[in-house]
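Contents: one structure, followed by commentary.
Only a predicted model underlies this, so the values are computations on that prediction, with no experimental measurement involved.
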Amino acid sequence: MPNPPFSAPPLPRRAVIREMGLRDGLQSVATIVPTAAKLEWLRDAYDAGQREIEVGSFVPPKLLPQLADTAEVLAFAQTLPGLRATVLVPNMKGAQRAMDANAASMLLPLSASHAHSLANLRKAPDDVVAEIAQIRAERDARGSRTQIEVGMSTAFGCTIQGRVDADEVVRLVQAVLDAGVDCVGLADTVGYADPAMVSSLFEKVLRVAGDRLNCAHFHDTRGLGLANCYAALQMGITRFDASIGGIGGCPHAPGASGNVATEDIAYMLHSMGVATGQDFDQLLALRGKVGKWLAGEQLHGNVWRAGLPKTMKEQYA
Ligand code: ZN
C-alpha cells in the first residue's frame, strides 16, 4: 500500500541522541562489564557531549546480572550536571526503585505484539497498560518527578507473531496516554521496519500523540537503521535511541545486530547540519574502550572504519 502524500517539513536544527549502550546494549551480551568500567564509560560519554543516557534496568539481578549495579551507576550519573539518566523498568517494583532513586526518567517497555509481550513480560499488552496506570497513580501519590516514558516495542513487526497492525499500535499509544504517561517512542526491536513503514506509522501515531511521541528506537538488523532514523527525522522526530558501537539486540530476535550506532547517527545528523552536541573523536575513543571491555563480542557501525570525511573535518575544525 502506498503511503498517503506527505510534504516534509524542513529538517530540525537540533536533535538528541540518547545513549542506550549501558542497558539495551549490555543486556544482550554475555560479558559483565565491571561497575568501575561503566562509570568510566558514563564519564567519557558525558565528556563526548551525551546528555541523555539509559544507565541500566531495575530488574531482578538474577535475570540480568549484567545490570545488577544499576542503582550505583544511576547514582554516579546523577553527579554529572545536566545529564538526564533513564532507567528501564519492567513493572511497578522497578518503577518504585526508579522513583526511590529520583531517576529523571523511567522507560517502560510495552510490546505492540501480543506474543512478544507474553514472551518478554509474561503479560498481555492491556495488562501492561493497566500496570502503567498504577505506576502513574503511585507517582502522583508520592509527588515524584520521575518522568514516565513508554517504549512501544515490536511496533513494526515481531519475530514471534509476525505482523503487528498499525491500528493496534495506535490503540495502545492512546491507551498509555490515557493512563497518564508523559511521552512515548516507537521501537523497531527486531529490525523489520523500512523508511516507508516508519513514515506511515509515525504519521498515524503523531495524529493521536502529537509531540508526546518524541522518540525513535531502531535496530540495524537488516541495515536500515539510519534510513529509518532519517524517515523519522523527516516526520519531525528529534530524539533517537542509539548505542555506541551499535551494541545490543533482542533475546527474541535471533541474528539481530544491535541498535543504530551512536557514532553513525551522530555523523549523519552533523553532516546534514542537525546539531547533536556530540564530539566524534571522543565517541570513537569511547567506542575503542567499549570494544576492549566487551572483548570477544561483536561491535557494529561504519564510521569508525574510515573516520570522518576530510570535508567535515575542515567544517567542524
Ligand atoms: Zn533496542
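Here L121 contributes atom CG and S153 contributes atom OG; the two are 7.5 Å apart, rounded to the nearest 0.5 Å. How far CE of M235 is from CG of L233: 11.0 Å, rounded to the nearest 0.5 Å. Taking CG of L283 as the start and CD of E19 as the end, the distance is 8.0 Å to the nearest 0.5 Å. For the atom pair CD1 of I244 and CD of Q278, the computed distance is 8.0 Å after rounding to the nearest 0.5 Å. Going from atom CG of L107 over to atom CD of E54 covers 5.5 Å, rounded to the nearest 0.5 Å. A distance of 10.0 Å separates CD1 of I32 from CG of L64, quoted to the nearest 0.5 Å.
Residues N91 and L108 have side chains not in contact (no heavy-atom distance under 4.5 Å, counting atoms from C-beta outward). Looking only at side-chain heavy atoms (C-beta outward), L26 and K38 come within less than 4.5 Å of each other. In this structure, V260 and F240 have side chains that are not in contact, with every pair of non-hydrogen atoms separated by 4.5 Å or more. Between V55 and T86 there is no side-chain heavy-atom pair separated by less than 4.5 Å. Side-chain atoms of D24 and H217, non-hydrogen and from C-beta on, do get closer than 4.5 Å to each other. Side-chain contact between T238 and N214 is absent, with no heavy atoms from C-beta onward closer than 4.5 Å. Residues D47 and R43 meet the side-chain proximity criterion, which asks for heavy atoms closer than 4.5 Å. R13 has its side chain out of reach of V274: every pair of non-hydrogen atoms, C-beta onward, lies at least 4.5 Å apart.
In terms of heavy atoms, R136 sits closest to I148 at CA-CD1, 3.8 Å. The two residues I160 and A115 make their nearest non-hydrogen contact at CG2-CB, 3.8 Å. Of all heavy-atom pairs spanning T276 and L269, the tightest one is CG2-CD1, 3.6 Å. Shortest non-hydrogen contact noted between A95 and V89 is N-CB, 3.7 Å. A242 approaches T262 most closely through the heavy-atom pair C-OG1, 3.4 Å. The minimum heavy-atom distance between A112 and A155, with the atom names listed, is CB-CA, 4.2 Å.
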Do W293 and T31 pass the side chain to side chain contact (heavy atoms under 4.5 Å, CB included) test, and can you show the C-alpha distance, the side-chain angles, and the key distance before you say yes or no? CA-CA 8 Å; W293 292 324; T31 307; over 6 Å; no

Walk me through it: do V173 and L213 pass the test side chain to side chain contact (heavy atoms under 4.5 Å, CB included)? CA-CA 9 Å; V173 166; L213 171 60; over 6 Å; no

Apply the test side chain to side chain contact (heavy atoms under 4.5 Å, CB included) to residues L83 and F76: give CA-CA distance (whole Å), side-chain angles for both, the deciding distance (0.1 Å), then the verdict. CA-CA 10 Å; L83 177 65; F76 177 72; over 6 Å; no

Could you walk me through whether T189 and T154 pass the side-chain hydrogen bond (donor to acceptor under 3.5 Å, both in side chains) check? CA-CA 5 Å; T189 320; T154 59; 5.2 Å; no

For a side chain to side chain contact (heavy atoms under 4.5 Å, CB included) check, start with the C-alpha distance between Y192 and T159, then their side-chain angles and the critical distance, and finish with the verdict. CA-CA 9 Å; Y192 280 13; T159 47; 3.6 Å; yes

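Looking at D165, its side chain never comes within 3.5 Å of a backbone N or O of E168 through a donor-acceptor pair. Without hydrogens or angle criteria, Y46 side chain to G82 main chain gives no donor-acceptor distance under 3.5 Å. Without hydrogens or angle criteria, S199 side chain to P195 main chain gives a donor-acceptor distance under 3.5 Å. No donor-acceptor pair under 3.5 Å is formed between the side chain of N228 and the backbone N or O of A232. A distance-only check finds no donor-acceptor pair linking the side chain of T146 to the backbone of S105 [under 3.5 Å].
Every residue meeting the salt bridge (Lys or Arg N to Asp or Glu O under 4.0 Å) condition with D182, not counting sequence neighbours, appears here in chain and number order: R139. Not counting sequence neighbours, the partners of Q161 by the side-chain hydrogen bond (donor to acceptor under 3.5 Å, both in side chains) test are S113. Among residues two or more places apart in sequence or in another chain, the side-chain hydrogen bond (donor to acceptor under 3.5 Å, both in side chains) test is passed with D211 by none. With sequence neighbours left out, Q174 forms a side-chain hydrogen bond (donor to acceptor under 3.5 Å, both in side chains) with D178. Residues passing the side-chain hydrogen bond (donor to acceptor under 3.5 Å, both in side chains) test with R145: none are found, sequence neighbours excluded.
A donor-acceptor contact closer than 3.5 angstrom is absent between the side chains of Q27 and Q66. Donor-acceptor pairing under 3.5 Å is lacking for the side chains of D264 and H300. Using modelled atom types and a 3.5 Å distance limit, the side chains of N259 and H219 yield a donor-acceptor pair.
One hydrophobic cluster, built from ILVMFWY side chains closer than 4.5 Å, holds both I237 and F218. Under the 4.5 Å side-chain heavy-atom criterion for grouping Ile, Leu, Val, Met, Phe, Trp and Tyr, L88 is not connected to I53 through any hydrophobic cluster. Put simply, M152 and M197 are part of the same group of oily side chains (I, L, V, M, F, W, Y) that touch within less than 4.5 Å, one to the next. Note on L224: it does not cluster hydrophobically with Y230, by side-chain heavy-atom contacts below 4.5 Å among ILVMFWY residues. Cluster annotation: V184 and M20 are assigned to distinct hydrophobic clusters (Ile/Leu/Val/Met/Phe/Trp/Tyr, side-chain heavy-atom contacts under 4.5 Å, transitive).
L63 belongs to no multi-residue hydrophobic cluster, having no ILVMFWY side-chain contact under 4.5 Å with any other such residue. Grouped by direct or indirect side-chain proximity (heavy atoms under 4.5 Å, Ile/Leu/Val/Met/Phe/Trp/Tyr only), V16 sits alone.
Applying the salt bridge (charged side-chain N to carboxylate O under 4.0 Å, His left out) test to residues at least two apart or on different chains, the pairs with a partner in residues 90-109 are D100-R142. Within the structure, salt bridge (charged side-chain N to carboxylate O under 4.0 Å, His left out) contacts touching residues 229-247 (residues at least two apart or in different chains) are R18-D241, E52-R239, E149-R239. The stretch residues 70-85 participates, sequence neighbours left out, in these side chain to side chain donor-acceptor pair (under 3.5 Å) pairs: R84-Q147. Evaluation of the salt bridge (charged side-chain N to carboxylate O under 4.0 Å, His left out) test over residues 225-236, restricted to residues two or more places apart or in two chains, returns none. Sorted by first and then second residue, the pairs that involve residues 285-299 and meet salt bridge (charged side-chain N to carboxylate O under 4.0 Å, His left out), not counting sequence neighbours, are E40-K289, D44-K289, E263-R287.
Note on ring orientation: taking the six-membered ring where Trp is involved, the planes of H270 and F280 are perpendicular (angle over 60°, cut-offs 30° and 60°).
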